Structure formats: C-alpha cells, structure tokens
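Below is one structure; the comments refer to it alone.
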Amino acid sequence: MQVKPNIPKGTRDFPPGEIIRRELILNIIKETFTLFGYQPLETPAMENLSTLLGKYGEEGDKLLFRILNSGDFLENVTEEELLRRDSSSVSSKICEKGLRYDLTVPFARFVVQHRNEITFPFKRYQIQTVWRADRPQKGRYREFTQCDVDVIGSDSLLNELELLRVIDEIFARLKVPVTIKINNRKILAGLAGKAGAADRLTDITTAIDKLEKTGKDAVIAELREKGLSEQVIDGLTPVFEIKGDNYEKLTGLRKILSGSHEGMKGIVELETLTRYLDPDPLRCGYQIDLALARGLNYYTGAIIEVKADGVNIGSICGGGRYDNLTGIFGLEGVSGVGVSFGAERIYDVMLQQGRFENVSTAPCRVLIINFGADEYVYALKILKKLHSSGVSAMIYPGDAKIGKQMAYADSLNIPYVALAGEDEIKNGEVTLKNMVTGKQQRISLEETGNLFP
RNA sequence: GUGGUCGUAGCUCAGCUGGUUAGAGCGCCAGAUUGUGGCUCUGGAGGUCGCCGGUUCGAAUCCGGUCUUCCACCCCA
C-alpha cells in the first residue's frame, strides 16, 4: 500500500532556499553570542520527564511531548489502572522520557550535574530544537528552534544589562526594528503581597498579562472570576493607571509599593538597569511594561520580551532571571538569567518584510558543462582549479544535451557556466559564460580560478 | 485543551441551487534548436476533487466522522 507523504501537525520541512536564509539569521545570532564571550552547549532532544515536569506551570506540563517507553511498556500497569482510564497516572507509568520544551531547564539540569567541572559564572549559548504540543498557528509551531543565551552563577544586574545589549546587537545586525519590554517579577510579587494575595501570584500575573490586549475591565473581570476578593482587586487597580515614560512609571510604582520590601527591590533593580542604559542607549526601543508577566513560572526577577515593530506575530525573543531553577536539582543559591531568540518567528518577520529577496540560493558559483567521457578529464582539471581558489563549483551530474545543462544552471541560479569541448581542450582554455549578462569569454585554464573575487 | 475555518493538478485557483470524458494560468517534460539557458511556437504528461462512511438512479458539490490548514482564546519563540 502506498503511504501518503506527510509530516506531523505543526512541523515543517526546510527546503534548500529556506535553510540558506535561515542560516543567515542563525549565523548572526551565533556570532553575536560568541562575540560577547558565551560558550556553546548542546543537550539531548529528550530528557527524563522528572526533569521537565513542574517547571513550566500546569499548562506547560500539558504541552510536553511524552515518549512511550520501549518494550513491554504496559508491564507495570495494573488492570485497575487501565480500567480507571486515568490518562495522567497511566502515562507516568508508560512514559519516563519527554522531548525538551525549552533550553533553560535542560541547561539548569546540566549545570547541576556538571557543577564541579563548570567555572562560574558560566556563560553559555545553545541553539537547538524544542517541541511543544501546542495547537499550531502562524508563527507557532510544534517543533521550533530556540537560540538561548544564559549567564548562571552570578546575580549581578550587569548580566541583565549585557543581555539587553546582546538583543540590541542581534536585531541591529539583522536589521529588524524591535522594542524590548521589561518588567520584574518582584514588582508583581510585591503587588500581590500588598493586595494580600501573595499565594495567588500566578493567577494575578496571567490576568495582568492581558491588560494591553483586553483592557482594564476584562482584567478585573478575570480576577473576580478567579475568586480574588474585591479588596485584593482594589489593591491591584492602581497599577493599571500608571502611565508615562520609564522613570515616571517607576515613580508611580514607588508610591503604590511603599512598604513592600520585595516590591521595592524589584523597582530598584529595574531602575538601576534603566539608569545603566542612559549613558549609552540601545538602538532599539526599551519600555518598562508593568503588564508583562510571562507564564513560565520559574522567573523570579527581571522578565524580558521582544516584539518586532509593526508585525503581529507574538514575541520573537523572551527571557528573564531565575533564582531557584537549579535548586530543584539540588544546587541552591545559584542564580541565572537568560533570553531565548525564536528562529522561526524572526525568519517569518524578515520574510514578511521582504528581507530575503536578494539572497542567492545557488548551490555553487560555477557549473562545468559535461561534454562526455573524453572531455570529463579536462572538466575535472577545471573543477580542481576552481576549488583550489575557493570557488564553489560542480560538473553537471550526468549526461545531457548542452541546452539541458544550461537550463539546469539557469533554474538553480548558478551565475557562471564553464564550457570546455574539443576546441578549448586543444588550446588549454575554458569558455566562461556569465548567466546573468549572457556574455562569454575564453580564458586560459591556468587563470580560471583567479577571475572570481 | 475550547470555539470557528479551510482542503480540487507541483503551485495559485475556477467549477452556478448534485447530472455525461473535472478546467485555467503558472510550473514540469519533449520537440522546433545534436556547443549555449531565459523569449516564442507546437505537442505531452500529471487529479481515487484530503481520507472514511452515509443520503441519492447519480456526489468535487448534500450529511456525519476523521485528518490537515488557518484564525481567536489559552499560552508562548
């Protein structure tokens, strides 16, 4: 039976032209990471579920891809458990591994596991695929590439500052106009504490997160729906009213959070960071956004999100500080901060802005026409000459009429074609044709490689 | 996970309220043109109309299910 060629929902193929354009992005990101002194790291596609579960909140756990155990995976499941049809308890028995959901948690696991070999503060970057069982949409895939940079083992705000500069540098190099939005979890925690609902921080932050999208009233309605008291809600509403530039927002916050030790700490952190930027401002936008919350519940300090100006595709980069992530794996007192760039979304933004139109997708610069078995030896000489000069080139892979070989070069956008038949061979020459202008010239075999810059 | 939406040739799409052999443009292949691509002309290949089932004398068209696409929510890169 024939199988229909198909790939799973939310995944995609990357044809040659797409890879070439993608690499442009990934190379800039990687170069910039390296420029700032970050070291590369790779971890396995799958982790033990115990590593992954509980790090991303309840929603996150649902979005983990689980890997079925090999062999007789039902061995340890009792009849009763199957009859109860309790998916979550059965799945914990038949799956012990899962695909990584992000790169931060595997990184934290790595740091604890290798704590004795690592020199702290450890600055690493990691560019790998992650998987989420989300329902796909535009700019949202089930398999996508994240480019993470983190500094772990230092609680200095200078790291946040550096990451802001890394973000600025990367998007400046990519020529993608963006705005960085920043907030601090301590401010949100302070607010929740002030309002007398410190234990409901997650509910409060996810509601506040929607402020910009749905408006103040909808947020209040959601808070009510979640069972928060009017008193608590009244305590939170002053934040919704704060307006103005970054410093005005901080001043407004100081009034609301006076007396909250944690809240004030958050304000000081944000303010310090903002002042650090004053003498040498970023090229991109930089906004304190008190509605920014982020659902990933391991963040404890600064939270950062980057939006492409004028493109509605969600955030293209995000991250923050996490103080306790390694604690779960048995290493306390190690604070980290990092951000993650979404390769697919950056690609989509740049595609939408027509930024790839002049990118050449040709496999090589020269196609050498294959005239037949006798001439092939000479064609190989041309090939060697070109290769030794660092010019990418290939001989037409097969036998075909000259016209077909030319058409091959044309359809692959190969800019030059080299021809050498009986006549050229006799004189030790090559005919080189420029496929764009259509002009061709005879040159000696010796100088073949030198004609290219 | 909730609600909605789409699915016809490689691509973009047409196909009126069910009625003979399902079309177009582009692309592809071959020839005109056996050492020269793009332009032109001529010819050709390619479709179980997403899949399964139902209604009907008859289904691309109607109904149900399922998968996929896209959108909103949720969440996020």
Side-chain angles (χ1 to χ4, degrees), chain A residues 2-12 15 25 29 56-63 87 101-104 127-148 178 202 205-207 209-210 213-214 218 222 292-297 299 303-308 312-320 338-349 367 369-372 375 396 399-425 430-440 442:
Chain A
Q2 263 203 346
V3 179
K4 247 199 168 171
N6 237 329
I7 54 175
K9 187 207 278 211
T11 65
R12 25 189 233 156
I25 298 173
I29 291 176
Y56 309 106
E58 228 175 284
E59 291 297 318
D61 284 356
K62 282 189 215 153
L63 299 179
S87 302
Y101 177 91
D102 71 358
L103 301 177
T104 308
I127 299 175
Q128 288 190 281
T129 312
V130 304
W131 294 268
R132 296 183 186 177
D134 226 334
R135 200 175 273 201
Q137 287 181 28
K138 199 172 214 100
R140 168 182 289 186
Y141 307 97
R142 290 188 144 184
E143 177 184 73
F144 60 98
T145 302
Q146 286 197 324
C147 314
D148 270 40
V178 298
T202 309
T205 53
T206 53
D209 198 24
K210 282 160 219 153
K213 228 174 188 177
T214 58
E222 181 172 339
L292 179 65
R294 296 185 65 77
L296 255 44
N297 62 6
Y299 293 123
I303 40 185
I304 296 165
E305 213 164 270
V306 181
K307 301 241 178 191
N312 187 23
I313 198 167
S315 59
I316 54 177
C317 174
V339 292
S340 179
F341 295 76
E344 278 73 17
R345 286 189 178 174
I346 294 171
Y347 180 92
D348 288 348
V349 166
L367 179 74
I369 299 296
N370 183 14
F371 275 79
E375 292 88 347
Y396 180 84
D399 295 312
K401 286 194 280 189
I402 309 300
K404 195 178 156 91
Q405 298 190 37
M406 299 293 284
Y408 182 76
D410 190 45
S411 82
L412 288 178
N413 294 313
I414 298 172
Y416 293 95
V417 166
L419 304 99
E422 202 185 328
D423 201 35
E424 284 92 344
I425 294 171
V430 176
T431 296
L432 193 66
K433 173 160 181 160
N434 181 319
M435 293 299 278
V436 181
T437 62
K439 286 187 186 146
Q440 58 185 54
R442 283 269 197 124

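Small disclaimer: the values here were computed from a predicted structure and weren't measured. Here is the naming used below: chain letters follow the sequence lines, and residue numbers restart at 1 for every chain.
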Base, sugar-phosphate, or nothing: which does A/Ala409 touch, judged by heavy atoms less than 4.0 Å apart?
nothing
Do the side chains of A/Arg140 and A/Arg345 get nearer than 4.5 Å, heavy atoms only?
yes
Just verifying a value: how many Å separate A/Phe341 CZ and A/Ile316 CD1, rounded to the nearest 0.5 Å?
8.5 Å
Starting at CH2 of A/Trp131 and ending at P of B/rC75, how long is that distance when rounded to a whole Å?
25 Å
Assign A/Glu422 to base, sugar-phosphate, or nothing according to its heavy-atom contacts below 4.0 angstrom with the strands shown.
base
Nearest-angstrom distance from the residue atom CG of A/Asp410 to C1' of B/rG37:
4 Å
Take atom CD of A/Glu59 and atom P of B/rU2, then tell me their distance rounded to the nearest Å.
12 Å
From CZ of A/Arg142 over to P of B/rU69, roughly how many Å is that when rounded to an integer?
9 Å
Checking all strands, does A/Gln405 fall into the base, sugar-phosphate, or nothing category for heavy-atom contacts under 4.0 angstrom?
nothing
Do the ring planes of A/Tyr408 and A/Tyr396 sit parallel (below 30°), tilted (30 to 60°) or perpendicular (above 60°)?
perpendicular
When you compare B/rU21 with B/rU40, how far apart are their C1' atoms, in angstrom units rounded to a whole number?
32 Å
Just checking A/Leu419: base, sugar-phosphate only, or nothing, at a heavy-atom cut-off of under 4.0 Å?
base
Span that lies between the P atom of B/rG25 and that of B/rG31, in whole angstrom
23 Å
Please confirm whether the backbone N or O of A/Gly372 pairs with a side-chain atom of A/Asn370, one donor and one acceptor, at under 3.5 Å?
yes
Roughly how far apart, to the nearest Å, are B/rA24 and B/rU69 at atom P?
30 Å
Please give the distance between the P atoms of B/rG46 and B/rA30 as a whole number of Å.
16 Å
Find the distance A/Glu424:CD to B/rU36:C1' and express it as a whole number of Å.
11 Å
Whole-Å distance between B/rC75 P and A/Arg140 CZ?
10 Å
Taking the minimum atom-to-atom distance to the side chain of A/Lys404, which one of B/rA30, B/rA77, B/rG37 wins?
B/rA30
To the nearest angstrom, how far is A/Leu63 atom CG from B/rA77 atom C1'?
13 Å
Are the side chains of A/Tyr416 and A/Asn434 in contact, using a 4.5 Å heavy-atom criterion?
yes
So A/Val436, base contact, sugar-phosphate only, or nothing? Heavy-atom distance under 4.0 Å.
base
Sequence-distant partners of A/Glu375, side-chain hydrogen bond (donor to acceptor under 3.5 Å, both in side chains), two or more places apart:
none
Here's a test of your reading of the structure: between A/Thr145 and A/Arg442, which maps to the more 5' nucleotide of RNA chain B?
A/Arg442
Within the 4.0 Å heavy-atom criterion, would you say A/Cys317 contacts the bases, only the backbone, or no part of the nucleic acid?
sugar-phosphate
Distance check needed: B/rU2 P versus A/Asp134 CG, whole Å only.
14 Å
Pairwise P distance, B/rA45 and B/rC29 [rounded to whole Å]:
16 Å
Could you check whether any side-chain heavy atom of A/Leu419 comes within less than 4.5 Å of a side-chain heavy atom of A/Ile402, counting everything from C-beta outward?
yes
Check step by step if side chain to side chain contact (heavy atoms under 4.5 Å, CB included) holds for A/Arg132 and A/Asp102.
CA-CA 9 Å; A/Arg132 296 183 186 177; A/Asp102 71 358; 3.8 Å; yes
Looking across every strand, which nucleic acid part, if any, lies under 4.0 Å from A/Gly403 by heavy atom: base, sugar-phosphate, or nothing?
sugar-phosphate
Expressed in whole Å, how much space separates the P atoms belonging to B/rA9 and B/rC49?
10 Å
Side chains of A/Met435 and A/Asp410: does their closest heavy-atom pair fall under 4.5 Å?
yes
Under 4.0 Å between a side-chain N/O of A/Lys401 and OP1 or OP2 of B/rG31, yes or no?
yes
Could you summarise the pairing of RNA chain B as dot-bracket text, marking Watson-Crick and G-U pairs under 3.5 Å with ( ) or [ ] inside the strand and | across strands?
((((..(..((((.....[...)))).(((((.......))))).....(((((..]....))))))..))))....
Integer angstrom distance from the P of B/rU48 to that of B/rU8
13 Å
Along RNA chain B (nearest heavy atom to each residue), the more 5'-positioned of A/Lys62 and A/Thr431:
A/Lys62
What's A/Gly438 touching, base or sugar-phosphate or nothing? Going by heavy atoms closer than 4.0 Å.
base
For B/rC41 versus B/rG35, give the span between their C1' atoms, rounded off to a whole number of Å.
23 Å
Using a cutoff of under 3.5 Å, can you pull out all pairs of nitrogen or oxygen atoms linking the protein to nucleotides 70-72 of chain B, with atom names and distances?
residue : atom : partner  : partner atom : Å
B/rC71  : OP2  : A/Lys138 : N            : 2.2
B/rA72  : OP2  : A/Gln137 : OE1          : 3.0
B/rA72  : N7   : A/Gln137 : NE2          : 3.3

Checking side-chain polar atoms at under 3.5 Å, does A/Thr431 have a donor or acceptor matched by the opposite partner on A/Glu424?
yes
Is there a side-chain contact between A/Lys9 and the phosphate of B/rU68, meaning an N or O under 4.0 Å from OP1 or OP2?
yes
Mind checking the CG-CD spacing from A/Asp399 to A/Gln405? Nearest 0.5 Å is all I need.
8.0 Å
Indicate, with a heavy-atom threshold strictly under 4.0 Å, whether A/Gly372 touches base, sugar-phosphate, or nothing.
nothing
Decide side chain to side chain contact (heavy atoms under 4.5 Å, CB included) for A/Val130 and A/Phe144; before the verdict, give the C-alpha distance in whole Å, the side-chain angles of both, and the deciding distance to 0.1 Å.
CA-CA 6 Å; A/Val130 304; A/Phe144 60 98; 3.5 Å; yes
